[in-house]
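Take a look at the structure set out below.
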2 protein chains.
Amino acid sequence: MDEKLAKGHYDLMVLDVMMPGEDGLSICKRLSAEKRLPIIMLTALGQDQDRIVGLEIGADDYLPKPFNPRELLARIKAVLRRAPEEMSEAGALSGRILRFGGLALDTDAHVITDRDGNRVQLTTADFRLLTVLLARPRTVLSREQLLDLTAGRAAGPLDRTIDNQISRLRRKIETDALRPTLITTVRSHGYSLNADVEVIA
Amino acid sequence: MDEKLAKGHYDLMVLDVMMPGEDGLSICKRLSAEKRLPIIMLTALGQDQDRIVGLEIGADDYLPKPFNPRELLARIKAVLRRAPEEMSEAGALSGRILRFGGLALDTDAHVITDRDGNRVQLTTADFRLLTVLLARPRTVLSREQLLDLTAGRAAGPLDRTIDNQISRLRRKIETDALRPTLITTVRSHGYSLNADVEVIA
DNA sequence: GGGTGCCTGATACAAAGCGCTACAATCGCG
DNA sequence: CGCGATTGTAGCGCTTTGTATCAGGCACCC
């Protein structure tokens with residue numbers, strides 16, 4: 001599945017939960033975090049709790065078995081109706097250069113260039129954090145989410161990792177690091193990138 | 001309902017089907033044709049057929065009664081998650097400059113600029129409160145509403161949080177904080193923003 | 001017109017959140 | 001195996017924010 005997803009383009013995924021190997025919920029969590037692929041969960045687990053968990057994890061809809069094929073079809077259409085066309089590729093920042101807030105990020109060289117032509121080298125951590133933010137502009141992301149998306153791990157109770165990395169990233173890309181405008185803090189929620197992102201080439 | 005819809009901004013509608021007067025399905029059909037307002041149908045009609053019809057008519061989701069409140073909440077969140085940004089209130093105001101009462105609010109930098117060019121930095125709480133007010137100019141909002149909209153929580157019996165935040169916000173944006181003109185107090189009801197709001201760029 | 005009670009504005013304070021620095025652990029690279 | 005760069009952890013201190021409290025103002029009543 002991962003191979004196919006990486007290669008081709010898909011509009012929507014219908015996902016079972018109980019499967020050998022990786023769990024459907026796990027897949028859903030993984031995908032909804034990194035991609036913007038609409039997901040409909042379709043499973044024998046029909047309890048309220050199962051549905052709630054499925055939806056909270058990032059599924060767009062949840063249909064318990066046994067189901068009416070026509071209902072599945074109707075729900076697929078309903079989900080697709082809401083999904084904007086660009087959404088399928090909005091998260092995939094496959095372009096080489098990304099423009100945002102007066103800066104340009106070279107996704108190959110991991111280099112930021114500002115309007116004056118100054119170049120700053122990003123470390124791998126900088127780059128991953130920035131990429132995650134760029135994939136969801138103008139969206140508040142919690143430290144938990146950011147840590148999961150950048151490092152793939154859960155946050156400890158006193159985890160200040162993301163704060164630190166944000167601080168380091170700001171020093172590299174903000175014009176005035178004391179009053180950041182690109183990456184703003186949303187107190188007790190997380191951080192958000194305040195700029196429109198444009199993919200070039 | 002139509003009056004309210006025409007006047008204010010709404011992120012999502014939860015709609016019953018069997019109501020006196022106009023039918024829920026009819027409303028749904030009407031709205032999904034003209035507006036792009038996400039709709040969740042919530043009704044006692046739980047047959048496959050009913051669900052399919054509801055979804056095909058334009059509903060984004062369909063939840064039969066009796067329902068688990070947490071599931072409704074999860075489905076609301078799921079629908080909002082995939083709703084395009086411009087439809088939500090935060091999205092409608094993001095990345096813009098808002099003019100009101102001689103001031104300009106930069107919604108990216110969270111900075112207020114007055115006619116003389118003086119700049120004031122808003123805190124997150126300031127900004128959220130102001131944003132909520134700007135979204136509903138010349139409307140009286142109760143403390144309860146404001147607290148719900150800004151912090152998403154309910155007010156305790158002796159909750160003076162909003163009073164305090166209004167006070168702090170006034171100090172930053174009112175020319176004469178002792179006699180406020182922009183944010184006026186409506187005794188025993190709440191507060192209201194007294195200015196027309198103009199969205200720029 | 002003056003008292004009375006409720007409502008609001010402002011201040012003070014405590015707690016929580018966050019930015020930043022310093023340092024240790026880890027990684028990458030030869 | 002060693003060195004430098006990078007990254008996670010700890011902790012200090014400032015800012016922000018919720019709560020308590022007091023004082024002033026408005027409405028209402030007589």
Side-chain angles (χ1 to χ4, degrees), chain A residues 109-112 120-132 140-192, chain B residues 110-112 120-132 140-192 194:
Chain A
H110 296 197
V111 166
I112 287 279
V120 185
Q121 178 71 47
L122 298 184
T123 68
T124 30
D126 292 335
F127 181 73
R128 296 197 63 172
L129 180 57
L130 181 55
T131 305
V132 166
V140 180
L141 293 165
S142 68
R143 287 152 230 272
E144 184 88 21
Q145 284 177 294
L146 289 169
L147 196 61
D148 185 28
L149 292 168
T150 53
R153 64 188 179 86
L158 295 172
D159 210 316
R160 305 289 306 281
T161 306
I162 292 298
D163 298 57
N164 205 337
Q165 292 198 354
I166 289 280
S167 175
R168 282 168 177 146
L169 182 56
R170 273 178 176 159
R171 232 169 294 165
K172 293 193 179 179
I173 68 174
E174 293 280 357
T175 42
D176 181 1
L178 293 178
R179 269 170 311 167
T181 57
L182 263 179
I183 302 175
T184 52
T185 307
V186 181
R187 194 181 168 84
S188 76
H189 290 255
Y191 299 94
S192 87
Chain B
H110 297 193
V111 166
I112 285 279
V120 185
Q121 178 75 44
L122 298 184
T123 68
T124 6
D126 294 334
F127 180 74
R128 295 193 65 167
L129 179 57
L130 181 55
T131 305
V132 166
V140 180
L141 293 165
S142 69
R143 286 153 230 272
E144 184 82 25
Q145 284 177 295
L146 289 170
L147 196 61
D148 183 31
L149 291 167
T150 52
R153 64 188 178 89
L158 295 172
D159 210 315
R160 304 291 307 281
T161 306
I162 292 298
D163 298 60
N164 204 340
Q165 292 197 354
I166 289 280
S167 173
R168 282 169 176 145
L169 182 56
R170 274 176 176 159
R171 235 170 291 167
K172 292 194 180 180
I173 69 174
E174 293 280 358
T175 43
D176 181 1
L178 294 178
R179 267 163 308 170
T181 55
L182 263 178
I183 302 175
T184 52
T185 307
V186 182
R187 196 183 167 84
S188 75
H189 287 95
Y191 299 95
S192 86
N194 241 31

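Protein chains get the first letters and strands the later ones, always in sequence-line order, with residue 1 at the start of each. Below, all heavy atoms of this structure are taken into account, side chains as well, without hydrogens, waters or symmetry copies.
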5'-most by nearest nucleotide on DNA chain D - B:Ala151 or A:Thr161: A:Thr161
Length of the line joining A:Asp159:CG and D:dA10:C1', which is rounded to integer Å: 12 Å
side-chain contact (heavy atoms from CB on, under 4.5 Å) partners for A:Arg179, two or more places apart: A:Asp176, B:Gln121
Interatomic distance, B:Gln165 CD vs C:dT8 C1' [rounded to whole Å]: 16 Å
Integer-rounded Å distance: D:dT9 P and A:Leu158 CG: 10 Å
Atom pair CZ (A:Arg168) and CG (A:Asp126), whose distance is rounded to the nearest 0.5 Å: 8.5 Å
Nearest-Å distance for atom pair CG/C1', residues B:Leu147 and D:dT17: 12 Å
Rounded interatomic separation in angstrom, taking CZ from A:Arg179 and P from D:dT15: 13 Å
Exercise: identify the closest heavy-atom pair between A:Tyr191 and A:Leu146: CD1-CD1, 4.1 Å
A:Ser167 and A:Arg171: side chain donor to acceptor below 3.5 Å: yes
Nucleotide D:dT15, atom C1' - distance to CD of B:Gln121 in whole Å: 12 Å
Nearest-Å distance for atom pair CG/P, residues B:Leu129 and D:dT17: 11 Å
From A:Leu169 atom CG to A:Leu129 atom CG, the distance as rounded to the nearest 0.5 Å: 5.5 Å
For B:Asp148, salt bridge (Lys or Arg N to Asp or Glu O under 4.0 Å) partners two or more places apart: none
Any B:Thr124 side-chain nitrogen or oxygen under 4.0 Å from OP1 or OP2 of D:dT17: yes
Gap between atoms CZ and P, on A:Phe127 and D:dT6 respectively (whole Å): 15 Å
Contact pattern, 5' to 3', of nucleotides 16-26 of chain C - B, S or - by protein heavy atom under 4.0 Å: BSBBBBB----
